[in-house]
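First listed ligand is number 1; within each ligand, the first listed atom is number 1. One is the number of the first residue; the rest follow in order along the sequence.
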Amino acid sequence: MNNLMIKNLRILDGEPTDLLIENGRIAKIAPDQEAGTTPVEDAGGCIAIPALTEAHTHLDKSLLGYPWYHNDVGGGNLMAMIDNERQMKTRLGMDPHVQSMRHALQTAGYGATLIRSHVDIDTTGGLRALEGVMETAEKLADVVEIQTVAFPQSGLMISPGTAELLDDALRMGADLMGGLDPCGVDHDPKGHLDTIFALADKHGKGIDIHLHERGELGAFSMEQTLDRAEALGMKGMITISHAFCLGMPDQARVEGLLERLAALDVAIMTTAPASSPAPLVKQLQAHGIRIGSGNDGIQDTWGPYGNGDMLERAKFVGLRNNLRSDKEMYQALDICAGGGAVAMGKERRTLEVGAPGDLVLVEGVAVAHAIVSHTPRKLVVKAGRVTARDGATLIEAP
Ligand SMILES: [Zn+2]
């Protein structure tokens, strides 16, 4: 079951060798002389990297497969973007299952074997988006593992009925409780955080909260979040996505927050944005904080950017954080691969004997070259099973 011999690959920037996967795990990395019965793939000298991790996206939102969407809503007005999206989803007749299949398969074709998707739960769409994404997760289980987050995109306290839907979503099987700007969107940090923590506690689930609030407002919401995590004994069960407030100039304030995040083993997810303050990965790493990255929504009503490629995202992580040396480029890759998996509470993807047989063969002369040029993917393997060739998954998108 799921045995595979890959010949003539280079582990990161290493010399050519062969790699054997047995029973879904890496069993041997050494030049191979035996002519066994295990299926063989010729890597042709490609670089092997651990499989990529898309730790923050929205599979129910992408307009992939639609004619190009002309956007009238500029950046900067969060509520206008939220309202526009909710209306357009209905107007365009988007099918969350079809859209999430297209998005997840494109991401998997680029080499991701793990995806965490926030899924809109609101009083317009109800649980329809979650049903669609969960159907995709089930269909693609052999290609990519998909975690779902029940996400109150249109607010919680400002939208009566949403809390009940979130309760239903967690009962239905959403993996995590979501949240969104307790002050900025809901204008009721106590109400918002008390509600999402009560629901998470009731269902025994972790939390992944979007926190775009900047500066001192974001720091306040973060502290309120950490207070509740501490009181409920949720060490290691919280992710804070974006966490723009950690990019504020007051370093003494940021250091104090980082100490608390580390003590509660809170994971931070950053897209390494070009247009916002952002957590600095070296500073987080110095505190031993788990870090993941993600493309966030791609080609949706929020904007035209993104394609689901986590190797391209590694380049943005490097650019945003001034990573330049080969060693630093490995760190950028790790945040988008094995480290991202750990941030999601999963086993680290790494190219060592005993590790999961999840890897990607990438063209290019060196890892840094592969990242900056996000070079073509020759082969994607999940647990010893080939899932994509030359950028296309073996399962076709609808
Ligand atoms: Zn998001």
Side-chain angles (χ1 to χ4, degrees), residues 53-64 73 75-86 88-89 96 99-100 103-104 107 112 114-122 125 129-130 133 146-156 162 166 169 174-182 184-186 192 196 206-214 218 221-222 225 238-247 267-279 291-310 313 316-317 320 335-336 340 343-344:
T53 301
E54 166 59 274
H56 184 114
T57 191
H58 296 260
L59 292 177
D60 57 325
K61 293 181 188 292
S62 174
L63 291 164
L64 286 174
V73 185
N77 186 340
L78 185 62
M79 288 315 294
M81 290 191 276
I82 290 171
D83 291 340
N84 177 60
E85 179 189 43
R86 213 175 44 253
M88 289 311 293
K89 271 183 167 175
Q99 293 313 117
S100 58
H103 183 162
T107 303
L114 272 175
I115 296 177
R116 178 178 287 181
S117 175
H118 298 254
V119 183
D120 287 5
I121 308 291
D122 60 53
L130 182 63
V133 175
I146 298 173
Q147 281 185 345
T148 53
V149 186
F151 177 47
Q153 171 74 85
S154 294
L156 176 53
T162 304
L166 292 169
D175 297 297
L176 294 125
M177 182 67 225
L180 171 66
D181 294 349
V185 171
D186 262 349
H192 184 97
I196 67 168
I207 288 177
D208 186 339
I209 181 170
H210 280 66
L211 193 56
H212 309 94
E213 293 162 6
R214 302 177 185 205
S221 288
M222 187 175 278
T225 303
I238 310 290
T239 302
I240 299 181
S241 285
H242 303 304
F244 291 158
C245 64
L246 295 177
I268 296 293
M269 192 299 307
T270 179
T271 62
S275 54
S276 306
I291 315 169
S293 187
N295 288 299
D296 215 345
I298 65 165
Q299 295 175 35
D300 54 23
T301 66
W302 290 74
Y305 299 104
N307 56 10
D309 184 357
M310 285 307 297
R313 185 57 51 182
F316 297 144
V317 170
R320 187 71 179 77
I335 287 166
C336 297
M344 280 177 57

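- Counting heavy atoms from C-beta on, the side chains of Q153 and L180 come closer than 4.5 Å.
- Nearest N/O/S atom of H56 with respect to the Zn ion (ligand 1) is recorded as NE2.
- Among the atoms of H242, no N, O or S atom falls under 2.8 Å of the Zn ion (ligand 1).
- Taking the Zn ion (ligand 1) as reference, H210 places its N/O/S atom NE2 nearest.
- Checked against the Zn ion (ligand 1), the N, O or S atom of D296 at the shortest distance is OD1.
- Comment: D122 does not engage R86 in a salt bridge, judged by the lack of any side-chain N to carboxylate O separation of less than 4.0 angstrom.
- Residues satisfying the ring-ring contact (aromatic ring centres under 6.0 Å, His included) test with H242, not counting sequence neighbours, are H56, H210, H212, F244.
- Within the coordination shell of the Zn ion (ligand 1), defined by N, O or S atoms under 2.8 Å, H118 is absent.
- Residues S293 and M310 form a side-chain contact, since some pair of their non-hydrogen atoms from C-beta on lies under 4.5 Å apart.
- Judged purely by atom type and a 3.5 angstrom limit, S117 uses its side chain to pair as donor or acceptor with the backbone of L59.
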